[in-house]
Amino acid sequence: MIIAIDGPAASGKGTIARRLARELGFAYLDTGALYRAVALRLLRSSAAPDGANAAHAAAAVRPAADLADPALRDEAVAGLASRLGAMAEVRAALLAFQRDFASRPPAGAAGAVLDGRDIGTVVCPDADIKLFVTASLEERVRRRVSELAAEGRPAEAATIRADLEARDARDRARSVAPLRQADDAYLLDTTNLDIDSAFAAAKALVSRHRT
Ligand code: DC
């Protein structure tokens, strides 16, 4: 069974996806971390972020080793990941791993939960359940600012707002695999929900679909 979860940055999709996977005993893949891993490889190699270098970095990503790096969470890495995500050659290099993970989840799990921007539309168009998780920009800024504060990395709301806005606009406007709600995805707006209520709403949609 495959559950596809898409949505803009800081919408709550990652937390919902991780919790659903834990509860169902499914494998979980944060596909944004793959794009971030490409960005981090490029930043560390100091190569220009052009198509050829980006494709090379994408082909070199080793998920088992690369996805645990705490530096993946930096906003600069997220910004570059979004720019690289607009490159068809980068997306192509990451596609097979994502599809394999979904169809043959590791450790013999009975299913997989993948979250990202194009899971329901491109990576797993035949997913059993698709959710599109969103929230207002104001609320997403508030969440990201308090998340960073909790990690001891205080940030200006205005800076976070500009970063999120630019990233979402780019992710939605690109010609390859843009961020959009699949026609058969449930829309879950978490603006007025805390994380427990958002998770409960997602779980109810999944349960309704499974019965
Ligand atoms: O989910 P995230 O914020 O970690 O993703 C970082 C960037 O990676 C996002 O702004 C766009 C890109 N991305 C993508 O293009 N496709 C995905 N499936 C996941 C992420």
Side-chain angles (χ1 to χ4, degrees), residues 2-21 28-43 49 51 54-55 57-58 61 63 66-102 112-125 127 130-135 137 139-141 143-145 147-148 151 155 159-182 185 188 190:
I2 300 174
I3 302 180
I5 305 189
D6 292 302
S11 57
K13 67 183 187 310
T15 310
I16 290 172
R18 199 172 290 113
R19 280 178 70 169
L20 273 177
Y28 166 62
L29 181 63
D30 167 6
T31 67
L34 293 172
Y35 289 85
R36 289 171 183 255
V38 181
L40 197 53
R41 277 185 174 267
L42 265 180
L43 285 170
V61 164
D66 289 12
L67 299 194
D69 195 321
L72 292 181
R73 302 330 307 169
D74 293 351
E75 288 300 319
V77 173
L80 181 56
S82 168
R83 294 210 295 282
L84 299 175
M87 298 179 179
E89 53 273 63
V90 170
R91 307 202 74 81
L94 299 176
L95 190 58
F97 175 77
Q98 297 173 79
R99 286 192 173 150
D100 274 4
F101 187 100
V113 184
L114 284 79
D115 80 54
R117 303 293 187 289
D118 62 336
I119 309 304
T121 51
V122 174
V123 177
C124 303
K130 300 179 185 179
L131 303 182
F132 192 83
V133 181
T134 188
L137 178 63
E139 178 58 18
R140 292 186 291 118
V141 170
R143 288 178 193 167
R144 184 50 56 85
V145 167
E147 220 173 79
L148 289 169
E151 290 167 14
T159 313
I160 298 293
R161 184 190 172 93
D163 282 355
L164 287 183
E165 240 180 337
R167 198 140 69 87
D168 288 345
R170 194 185 301 112
D171 294 347
R172 285 183 193 277
R174 69 185 175 218
S175 54
V176 278
L179 166 65
R180 72 170 180 86
Q181 182 181 349
L188 178 55
T190 68

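We use all heavy atoms of the structure for the numbers below, so side chains are in, but hydrogens, waters and symmetry mates are not. Numbering of ligands and ligand atoms starts at 1, following listing order.
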For this session: To the nearest 0.5 angstrom, please state how far the OG1 atom of T134 sits from the CG atom of D6.
Result: 11.5 Å
For this session: Can you sort out which atoms of ligand 1 are near G32, meaning under 4.0 Å from one of its heavy atoms?
Result: 1 (O), 2 (P), 4 (O), 5 (O), 19 (C), 20 (C)
Seminar exercise, completed: If we number the atoms of ligand 1 from 1 as shown, the ones under 4.0 Å from a heavy atom of K13 are 1 (O)
Exercise. How long is the gap from OG1 on T190 to CD on E139, to the nearest 0.5 Å?
Worked result: 7.0 Å
Exercise. Polar-atom distance check: Y35 versus ligand 1, any N or O pair below 3.5 Å?
Worked result: no
Problem set entry | Within-cut-off N or O pair, D115 and ligand 1, under 3.5 Å | no
Exercise. Would a distance-only check, ignoring hydrogens and angles, find a side-chain to backbone donor-acceptor pair under 3.5 Å from R140 to A135?
Worked result: yes
For this session: Below 4.0 angstrom from a heavy atom of D171, which ligand 1 atoms are there? Numbered from 1 as shown, please.
Result: 9 (C), 10 (O), 11 (C)
Seminar exercise, completed: If you compare M87, R167, R36, R117 by their heavy atoms, the one closest to atom 17 (C) of ligand 1 turns out to be R117
Exercise. Which is it for R91 and ligand 1 at heavy atoms under 4.0 Å: side chain, backbone, both or neither?
Worked result: side chain
Exercise. Do T15 and R143 have side-chain atoms, one donor and one acceptor, less than 3.5 Å apart?
Worked result: no
Problem set entry | Set of residues satisfying salt bridge (charged side-chain N to carboxylate O under 4.0 Å, His left out) with respect to K130, sequence neighbours excluded | D184
Which atom pairs, one a donor and one an acceptor, fall under 3.5 Å between side chains of residues 172-180 and the rest of the protein, sequence neighbours left out?
residue, atom, partner, partner atom, Å
R174, NE, V176, O, 3.0
R174, NE, A177, O, 3.0
R174, NH2, A177, O, 2.8

For this session: With heavy atoms of R174 as the reference, note each atom of ligand 1 found under 4.0 Å away.
Result: 14 (C), 15 (O), 16 (N)
Exercise. Which ligand 1 atoms, with their elements, are less than 4.0 angstrom from a heavy-atom of G116?
Worked result: 18 (N), 19 (C)
Seminar exercise, completed: Given the options R117, R91, R99, V123 meets side-chain contact (heavy atoms from CB on, under 4.5 Å) only with R99
